2 protein chains.
Amino acid sequence: MDAVIPQSLDDTESCLVRNISHYLALDTQDLQLVESLERDVTSRGAGECIQAAGKPVRSLFALRKGWVRASLIDADGRRQVTRTYMPGDVIGLCELASPITTVELHACEDVELCPFPKSALQSVLTQSPRLAATLLALSSRDQIIYMDLLRAIGCMPAMERVMFLLLTWLSRVRVTNHMEQNWFKCCMTQSEIGDLLGITNVTVSKELSALEAANFITRERKKISLLRIEEMSLITRYENRYDVFDTSWFPEVRPAN
Amino acid sequence: MDAVIPQSLDDTESCLVRNISHYLALDTQDLQLVESLERDVTSRGAGECIQAAGKPVRSLFALRKGWVRASLIDADGRRQVTRTYMPGDVIGLCELASPITTVELHACEDVELCPFPKSALQSVLTQSPRLAATLLALSSRDQIIYMDLLRAIGCMPAMERVMFLLLTWLSRVRVTNHMEQNWFKCCMTQSEIGDLLGITNVTVSKELSALEAANFITRERKKISLLRIEEMSLITRYENRYDVFDTSWFPEVRPAN
DNA sequence: CGGTCTGTTGACACTAGTCAAGTGTCGTGG
DNA sequence: CCACGACACTTGACTAGTGTCAACAGACCG
């Protein structure tokens, strides 16, 4: 099953469940397993550090509300933002193989997240092969997302990088909101965007202004609207990684065990 | 268990087993499962295409011999090499969530690889939670590797990028060879290295010559030796991702099932 | 031995970085 | 309600690191 399985689910339920259900039907036992990961909730204010790098403390998070950014920091202050997480994402699949934290996490705005220990994955792995496959698939898609960013930074001039990022954010926002909006609220400063795209804040400012002048986008406050999505997708050869999810290789539902 | 578990294993056995055993003790049943993934072997000559992008054909590979490179290709010829694989690596964990291939794979030299279908993962997921955890951990480390490359391309000037790549390759070669050698045979052309680091072949040539002139490296034919590893690691803030592997959260060995 | 591919080197162009001054926005407190 | 300060963003002038182009040298293969 490559296609998206759209489902209208109760808004009050777990954000992680909603995200996974977007791609996969969950049975009762799986539902309980996923929900058990979201038992605890903590919140952080805009700009707060959620996780520092190099610390042994180890928790994964399910993101419930707000944007989170992940970054690698150099001793001499150079910073590479590697990722933005949005509601429904599992934060920390990249940390599983490492005994200490490798990335820093910051709240881009007021956020709510559900921490759970690495060891909570044990019950998932032993009790639900399908959820284990889902985790593998999520981690797999994360890899593709990093590769897309690599292509942007490695191959594109500044303006295309900015276009690429706008398209990426819009695609991701549409997954959460289940609607075909053409705008989103940008929660990152231009300096942070620059650190994500390998350019400076000055260049980000100039390119955004140029995109606005060329009628590719409009801006008001933090809201960015994309006016010519098709055209921008062609220019950057953008591929939406969120609209397909191959589950054909997943184990059967509830094998005898 | 963070530490590497060095083990001297029979050279004739599965390369994948050897790689995994580097980090994790496998019981008989797990061994058989892993070995079953390496039942088939195919070989490709230097430069041959192993997998094209955008095709529905779907196989993962265990790499047995030689280097393989993965790349994303633009319609207009721009190319981003995203990864080099070396013997013992599982190729294709990034493709699990996608119904069609996203990256191209090429043999950097004569290679041997063991293809297995995605569906072969079903038995791993249902029969061995520990191996499932291992796959997750491998995918997790892959993510870190992409992030490191992102940091290199996004934050470093050309010379540091080259240093970073040399250190990365050396670390990886040392895993396979179980020895503290300070050199490796470079199987990629300078154009390919450029496409990996987001610079041109001309710049790669100039930076390598400069590194040699500054006595950081020596070159003879395809062999590159690193003379001042510590110094280069400091300059690039290099972290070896191959010498730790956190298995503390793995499920117990052979749970009753 | 000749053709092809890879790597080297220099001249020049250009994108994006750096620096700096100025404007706009937001939150706080008087 | 307004004044102030902090921070984000804008804009221009100048600089510098890489890219581009091109000619050439060296390695490899048939």
Side-chain angles (χ1 to χ4, degrees), chain A residues 45-48 67 69 74 76-81 106 108-110 152-165 185-214 217-224, chain B residues 45-48 67 69 74 76-81 106-110 152-166 185-214 217-224:
Chain A
E48 271 189 74
W67 289 23
R69 66 171 190 274
D74 265 1
D76 58 350
R78 294 182 301 191
R79 176 177 59 166
Q80 178 66 43
V81 175
H106 288 268
C108 297
E109 54 184 333
D110 291 351
I153 298 182
C155 298
M156 297 181 190
M159 165 153 303
E160 290 183 26
R161 295 188 204 184
V162 174
M163 282 185 178
F164 166 84
L165 182 62
K185 175 168 154 263
C186 175
C187 300
M188 282 174 57
T189 68
Q190 292 182 355
S191 292
E192 289 157 2
I193 293 174
D195 289 340
L196 177 54
L197 294 177
I199 52 184
T200 61
N201 56 341
V202 177
T203 302
V204 172
S205 173
K206 285 173 178 167
E207 298 303 342
L208 279 174
S209 300
L211 281 175
E212 198 167 24
I217 64 171
T218 60
R219 289 182 289 173
E220 40 176 319
R221 328 286 277 135
K222 293 181 170 178
K223 177 178 169 180
I224 300 180
Chain B
E48 271 188 75
W67 290 22
R69 66 172 191 274
D74 266 359
D76 58 350
R78 293 183 300 191
R79 175 178 60 164
Q80 178 65 44
V81 175
H106 288 268
C108 296
E109 54 185 333
D110 291 351
I153 298 182
C155 299
M156 297 182 191
M159 165 153 301
E160 290 183 25
R161 295 188 203 182
V162 174
M163 282 183 178
F164 167 84
L165 181 64
L166 298 179
K185 175 168 153 261
C186 174
C187 300
M188 282 173 57
T189 68
Q190 293 183 352
S191 292
E192 288 156 2
I193 293 173
D195 288 340
L196 177 54
L197 295 177
I199 51 184
T200 61
N201 57 340
V202 177
T203 302
V204 171
S205 173
K206 287 174 177 167
E207 299 301 343
L208 280 174
S209 299
L211 282 175
E212 198 166 25
I217 65 171
T218 58
R219 290 181 289 173
E220 41 176 317
R221 326 287 277 137
K222 294 182 170 179
K223 178 178 168 181
I224 300 181

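Quantities reported herein were computed from a predicted structural model and do not represent experimental measurements. A, B, ... follow the sequence lines: proteins, then strands. Residue 1 opens every chain. Below, all heavy atoms of this structure are taken into account, side chains as well, without hydrogens, waters or symmetry copies.
The CG atom of L208(B) sits 13 Å away from the C1' atom of dT6(C) (whole-angstrom rounding). Atom-to-atom, CE of M159(A) to P of dT15(C) comes out at 12 Å; the value is rounded to the nearest Å. Distance CD (E109(B)) to P (dT6(C)): 15 Å, rounded to an integer number of Å. For the pair E220(A) CD and dC9(D) C1', the interatomic distance rounds to 17 Å; values are reported in whole Å. Atom CD of E160(A) is separated from atom P of dT15(C) by 13 Å (rounded to the nearest Å). In this structure, CD1 of I153(B) is placed 15 Å from P of dA16(C), rounded to the nearest angstrom. Between the P atom of dC7(D) and the NZ atom of K222(A) lies a distance of 15 Å, rounded to the nearest Å. With rounding to whole Å, K206(A) atom NZ is found 15 Å from dC9(D) atom P.
Between E160(B) and R78(A) a salt bridge is recorded (basic side-chain N to carboxylate O distance below 4.0 Å). A salt bridge does not link E207(A) to R161(A): none of the charged side-chain nitrogens sits closer than 4.0 Å to a carboxylate oxygen.
Between S205(B) and dT8(C) there is a side-chain polar atom (N or O) within less than 4.0 angstrom of OP1 or OP2. Using a 4.0 Å cut-off, no side-chain N or O of R219(B) falls inside it from OP1 or OP2 of dA27(D). An OP1 or OP2 oxygen of dG17(C) is reached within less than 4.0 angstrom by no side-chain nitrogen or oxygen of R78(A).
In this structure a side-chain-to-backbone donor-acceptor pair under 3.5 Å is missing from S205(A) to N201(A). Of the possible polar contacts, none joining the Q190(A) side chain to the V204(A) backbone as a donor-acceptor pair under 3.5 Å is found. The main-chain N or O of L196(A) is found under 3.5 Å from a side-chain atom of Q80(A) such that the two form a donor-acceptor pair. With hydrogens and angles ignored, the 3.5 Å screen pairs a side-chain donor or acceptor of E212(A) with a backbone N or O of R219(A).
Using a 4.0 Å cutoff on non-hydrogen atoms, the parts of residues 185-203 of chain B near DNA chain C are T189(B), Q190(B), V202(B), ordered by number.
Using a 4.0 Å heavy-atom cutoff across all strands shown, R161(A) reaches no nucleic acid atom at all.
Residues passing the side chain to side chain contact (heavy atoms under 4.5 Å, CB included) test with D110(A), sequence neighbours excluded: A46(A).
Side-chain proximity of S209(A) to dA16(C), dT9(C), dT11(D): nearest is dT11(D). Closest to the side chain of E207(A), from the set dA16(C), dT18(D), dG7(C), is dA16(C).
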